[in-house]
Amino acid sequence: MSMKGVLQESWVFDSKEQISCAPLIVDGHIEGRARIILATTKGKIIVLDRAGNVDWIFDSSQIFSEEESLFLDAEQINDISSTPIIVHDKEESKRKIIFGSENSNIYCLNNEGKMCWKIQTGGPVRGSPVAVNKKYSTEIICGSHDGHLYIIDLKGNILNKIPVNKPIETALTMTNNKFIFGTKEGEVVAVDGNGEVIWNFPTQNKFTAKVVCTNDEQQEMLLAASQDNNLYALSTDGELIWKFPTGGALISEVAIAQTSPENKELIFGSCDNNVYCLSTEGELLWSYETEFWVTATPVINKHEDQSFVIAGSYDHFVYVLDAQGSYELDYIPGLSGVVNQSTFQTTSMSREAGDDKGKQLGKFHTDSYVIGCGLIQSTNEVIVVTKKGKLYNLQLK
Amino acid sequence: MAEPIVKKKDEIVRIKTHINGLDGQMEGGIPRGHITLIAGSAGTMKSSVAFNVLYHEAVENNKTCLYLSLEQSHSSIINHVINMDYDLSKTNLVVIRDLANFSEEVAKIRDAPGGNIVMVDISCIRKEVGTPRDEENRSWLNVIKNVVKKIKQESKVDLFVLDSMSALNVLSKFKNPRLELFFIFEFLRDLNITSYMITETPLDGSRMGEFDEDFLSDGIIYIKLTSYSRKEIREISVKKMRATKCNHDIFSLSFRNGQFFAEYGGQNPLM
């Protein structure tokens, strides 16, 4: 049965604290229980069940001495600014939640909200950790603003601390034995397992969005969204393939939509208020203009032969867009007054009749700036978090 | 917290500068809650003029006044004002020079009757602490904001002097000065504290501030040294004052018998 793309509120949870990252949706894999995990700017991890009831809360906020606290910005120092990850501890047959904090620590919690371990780095941890499954174990890799990559086992032992000598601002991307990340100075950096820089691609402003890899067998590309307003497509050797300019800083990551077996679309938001859809060649397929910044990474819902793009904006709305876009006419050729005026054929026919625009199917009004979106694909539930701390469970119909 | 909107101009509460002859030129004083630059080159008595406001408000009106010095030590400032005949025994003077004793010192303000002058010697603290470990989250700018906030929360702060904006830039290394200053100014406005920011100008007075703070501020009081036939005369003028009808004439600024005077506005003082 096809869906219209309308969003209907199922329930709302108010964390009463500000949120600055997207939620983590665990679709039935914490010992069979589906969970929604959100992180707040005051350092809380809140785990909800599918009905919006609180399962448990963990407070990671660090207590500082009075003297040290005077040097800190109390509003930001315990901020969890990147989405936690969930890993399966094969040895204990349990799920663990791992996240980094502005207070410089990397935390590991069990599924009951108890801390298993905590590792202190030398600087804020702003990118989500990455789990690497080895044959008999799982390793966690996380970058810190102190210029190191931390490789940690699930028991909390630091297996390696690789100096990369650059403040790591984003989550890591791993491809071809390289670690790739964005920095505050606006570089995309690729390092090897020893921390040696393999290549470095400079841009004009900092990165906060993770570099996304297309994992394309034909041509693997790295998509780096910079706050210098451009989306860069790089080869895995750091060469520029193409660049797409927008009118505003890019904070959202790129979401990749497989709209058909042959076609991929690249979808992201910009602080110029637009949601953009590009081909893998960097050509604009369509754009959709909201009323304010789009910083949340869009999510893609595939339902039968339909693909929906769900994008949240700082204008308080969550939009459901048709991934195919639509062609909007500015005038109707043959029916407008232009046809009746004598002119040269070349000039009368040279102007485009319209533009490729995103097609809005539905929208939902929230209480505040939309910070992140998530999706429970199996049940078409859309999870949206706003800056003021509300989590909305919306049913896509 | 946005500045409250008054219904009539009489409702605007004004804080005197306690410079004889100047307050009458601006409807009685500076509107409460304003952020005013006290601008001038070296040696123009900017710090003394700022201290003068705090002293009189603490002694005469029982206000709690905070003087935050980023470079000059508290002993240097105190010796200087004593030499100017300010009687510090008339008010409760609290000096904070060690962050470890911060809460104890703040308690003295809360429990004291009458007015307070709280002098925070950041220069002394800087010598002990050195450079904060991680400039990203640990900064002197946070120290300044947290000190003001804490004293306001634990006791109260009616008036605030920051000495000086140039020293703040050195400590905080503004990357985007106009933006960062905007947030500092808004921080003070949200706390509704009448503030005086001492800012150094070039000798020729070609600029009122280094970082566009003149555009962000609500008022500018400018002091300069002018040579007249081998005499050096200090001159003061109100360059800008929002919500105030001002006389923008240049006055001679002098200090005698423990008081500041602004005289001969718009006239040649030697005639």
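First the proteins, then the strands, lettered A, B, ... as listed; each starts at 1.
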**Complete:** In short, B:N146 meets A:L72 closest at the heavy-atom pair ND2-O, 2.6 Å

**Request:** Can you establish whether the number of heavy atoms outside A:I63 located under 6.0 Å from its atom CD1 is more than 12?
**Result:** no

Would you tabulate the side-chain donor-acceptor contacts of residues 197-204 of chain A under 3.5 Å, counting partners in other chains and residues two or more places apart, or write 'none'?
from, atom 1, to, atom 2, distance (Å)
A:W199, NE1, A:T236, O, 2.9
A:N200, ND2, A:E187, OE2, 2.7
A:T203, OG1, A:G186, O, 2.7
A:T203, OG1, A:N205, O, 3.1
A:T203, OG1, A:S226, OG, 3.1

**Asked** How many angstroms lie between atom CD of A:E66 and atom NZ of B:K150, to the nearest 0.5 angstrom?
**Response** 4.0 Å

**Request:** Go through the structure and list residues passing ring-ring contact (aromatic ring centres under 6.0 Å, His included) with A:W293, not counting sequence neighbours.
**Result:** A:Y314

**Prompt:** More than 12 non-hydrogen atoms from neighbouring residues, nucleotides or ligands closer than 6.0 Å to CZ on B:F185, yes or no?
**Reply:** yes

**Complete:** Paired with A:L70, the side-chain contact (heavy atoms from CB on, under 4.5 Å) test is passed by just one of B:I125, B:L99, B:N142, B:I144, namely B:L99

